[in-house]
*Asks:* 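Provided herewith is a single structure, encoded as structure tokens, for subsequent inquiry.
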2 protein chains.
Amino acid sequence: MFDLLFENIERKIEITEEDKAFCKTLFIPKKLRKKQYLLQAGDIAEYVAFVNKGLLRSYSVDEKGEEHIIQFAPEDWWITDMNSFLTCEEAIYNIDALEDTEILLLDKPSQDKLFEHIPKFERYFRILIQASFVAMHKRLLSTITNTAEEKYMRMLKTYPDLVQRVPQHMIASFLGIKPETISRIRKKQASNS
Amino acid sequence: MFDLLFENIERKIEITEEDKAFCKTLFIPKKLRKKQYLLQAGDIAEYVAFVNKGLLRSYSVDEKGEEHIIQFAPEDWWITDMNSFLTCEEAIYNIDALEDTEILLLDKPSQDKLFEHIPKFERYFRILIQASFVAMHKRLLSTITNTAEEKYMRMLKTYPDLVQRVPQHMIASFLGIKPETISRIRKKQASNS
DNA sequence: GCTTTTTCTTGATGCAGGTCAATGTCTCGA
DNA sequence: TCGAGACATTGACCTGCATCAAGAAAAAGC
């Protein structure tokens, strides 16, 4: 259950067996069925979740009822509504399972305990967030500068596995384009080779 | 010189006079003239910069020679090419001064020293990055979901001071739209009131 | 296995915003 | 103080992508 998490942590900081034992007391394992919510907009995000198996997504719904996918979280990724988790304001994102999923949950009090007992974890989470920060900058730049086709090709290159695993209309939603457009891009690409 | 920085820090963590004294040994004050580069794409980002006075911007230049502004950094903000600073890879962003500017520079070795001597600073930088992370998510969502007009109105609301301070074509570049479009939005807005 | 739902494709049409070009205004350095 | 570059505005035109609509194909549920 914890193997993947510890591997992930040990890629960034060194931890002892005692540290691991302590971790095991803090994280809450949970299973989600496909389509089940982990968080709904309007609630408070009580947890950050580490995905052990399966696939989650976070998305917001605009006034017109359109879904916009913010993040996919397959195995080995973290996900939450960061703002809500940090500030206890109402979440603006929904998080739900795209497949049957196993996660490990860490709530705020437990995270604080973790930082207090093993200060190295401050570093771990700082490194995690720095990495997403850099990735987000690149995504933002691509969103601003590229055409629909360039965005889709970049997606194929950056997350080839996800493109296989997720319905196309969700890829479209993630990229901020329409499913029909992806369909046409695919057709064009097929004819180009 | 250090007042603004210490205020910024003390909004997030508590520090002693000794801590401050130690900080003063680590940061390098620097002045930039308008249009002067702090960092050029292709170089390694040696520093994170805290802006004490003035205004910087980071931007990338695409194949067609178009500039895309990633971030504005007025007083009380931090700026760097995070990826380059963290990994020592070549920077993909340029950073330059839009006004005569005073900054405080912190290089990697000094930051490491800071974390080692005053571990609370791990927390400070984690909190900083978390906040930008949340802000970036909102910006990304706006970029994906909103029309040009909505993006501009959101900009007016979120950073009214910047819109005054910066040429319109730079606001356009930041939003991923064209200066002509902003011009037309302004005209329309004026007639609506 | 059959029905229902979800997903993907394709065509016809429209429009937001980009492109190009001309003109006017501002500003700042010599 | 004058001239050149930077900045903003406006009009005419164009195009990439969205929208709307209708089937086809694939997957999920019973």
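Protein chains get the first letters and strands the later ones, always in sequence-line order, with residue 1 at the start of each. Computed over heavy atoms, backbone and side chain alike; hydrogens, waters and symmetry mates excluded.
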*Asks:* Tell me which nucleotide among C/dT9, D/dT9, C/dT19 gets nearest to the side chain of B/K178.
*Replies:* C/dT19

*Asks:* If only atom types and distance count, is the side chain of A/D100 paired as donor or acceptor with the main-chain N or O of A/K34 below 3.5 Å?
*Replies:* yes

*Asks:* Can you find a side chain N or O atom of A/T181 that sits less than 4.0 Å from OP1 or OP2 on D/dA18?
*Replies:* yes

*Asks:* Any salt bridge between B/E116 and B/K113, counting N to O under 4.0 Å?
*Replies:* no

*Asks:* Side-chain N or O of A/K187 less than 4.0 angstrom from OP1 or OP2 on C/dT9?
*Replies:* no

*Asks:* Hey, which of these two, B/K34 or B/I177, hits DNA chain C nearer its 5' end, going by closest nucleotide?
*Replies:* B/I177

*Asks:* In whole Å, I'd like the distance from the CD1 atom of B/I182 to the P atom of D/dA8.
*Replies:* 9 Å

*Asks:* Side-chain donor or acceptor of B/R184 under 3.5 Å from a matching atom on the base of D/dG11?
*Replies:* yes

*Asks:* Expressed as a whole number of angstroms, how long is the span from A/E66:CD to D/dA18:C1'?
*Replies:* 10 Å

*Asks:* In whole Å, what is the span from the CD1 atom of A/I185 to the P atom of C/dT9?
*Replies:* 11 Å

*Asks:* Map B/K35 and B/R186 onto DNA chain D by nearest heavy atom, then report which one ends up closer to the 5' terminus.
*Replies:* B/K35

*Asks:* Indicate yes or no: at least one non-hydrogen side-chain atom of B/E122 is less than 4.5 angstrom from one of A/F115.
*Replies:* no

*Asks:* For B/F121 and B/F125, take the angle between the two ring planes, folded into 0 to 90°, and tell me which bin it lands in: parallel under 30, tilted 30 to 60, perpendicular over 60.
*Replies:* tilted

*Asks:* Within this structure, what is the NE2-to-P distance between A/H68 and D/dA18, rounded to whole angstrom?
*Replies:* 12 Å

*Asks:* Which residue in the set B/L105, B/D81, B/N94 passes side-chain contact (heavy atoms from CB on, under 4.5 Å) when paired with B/L38?
*Replies:* B/L105

*Asks:* With under 30° as parallel and over 60° as perpendicular, where do the rings of B/F174 and B/F72 fit, or are they tilted in between?
*Replies:* tilted

*Asks:* Please list, in numerical order, the residues of residues 142-170 of chain B that have a heavy atom closer than 4.0 Å to any atom of DNA chain C.
*Replies:* B/T147, B/A148

*Asks:* Keeping to residues at least two apart or across chains, list the ring-ring contact (aromatic ring centres under 6.0 Å, His included) pairs with something in residues 45-70 of chain A.
*Replies:* A/F50-A/W78

*Asks:* Calculate the interatomic distance between A/E67 atom CD and C/dT7 atom P; express it in whole Å.
*Replies:* 10 Å

*Asks:* Write down the distance between CD (B/E180) and C1' (C/dG18), rounded to a whole number of angstrom.
*Replies:* 8 Å

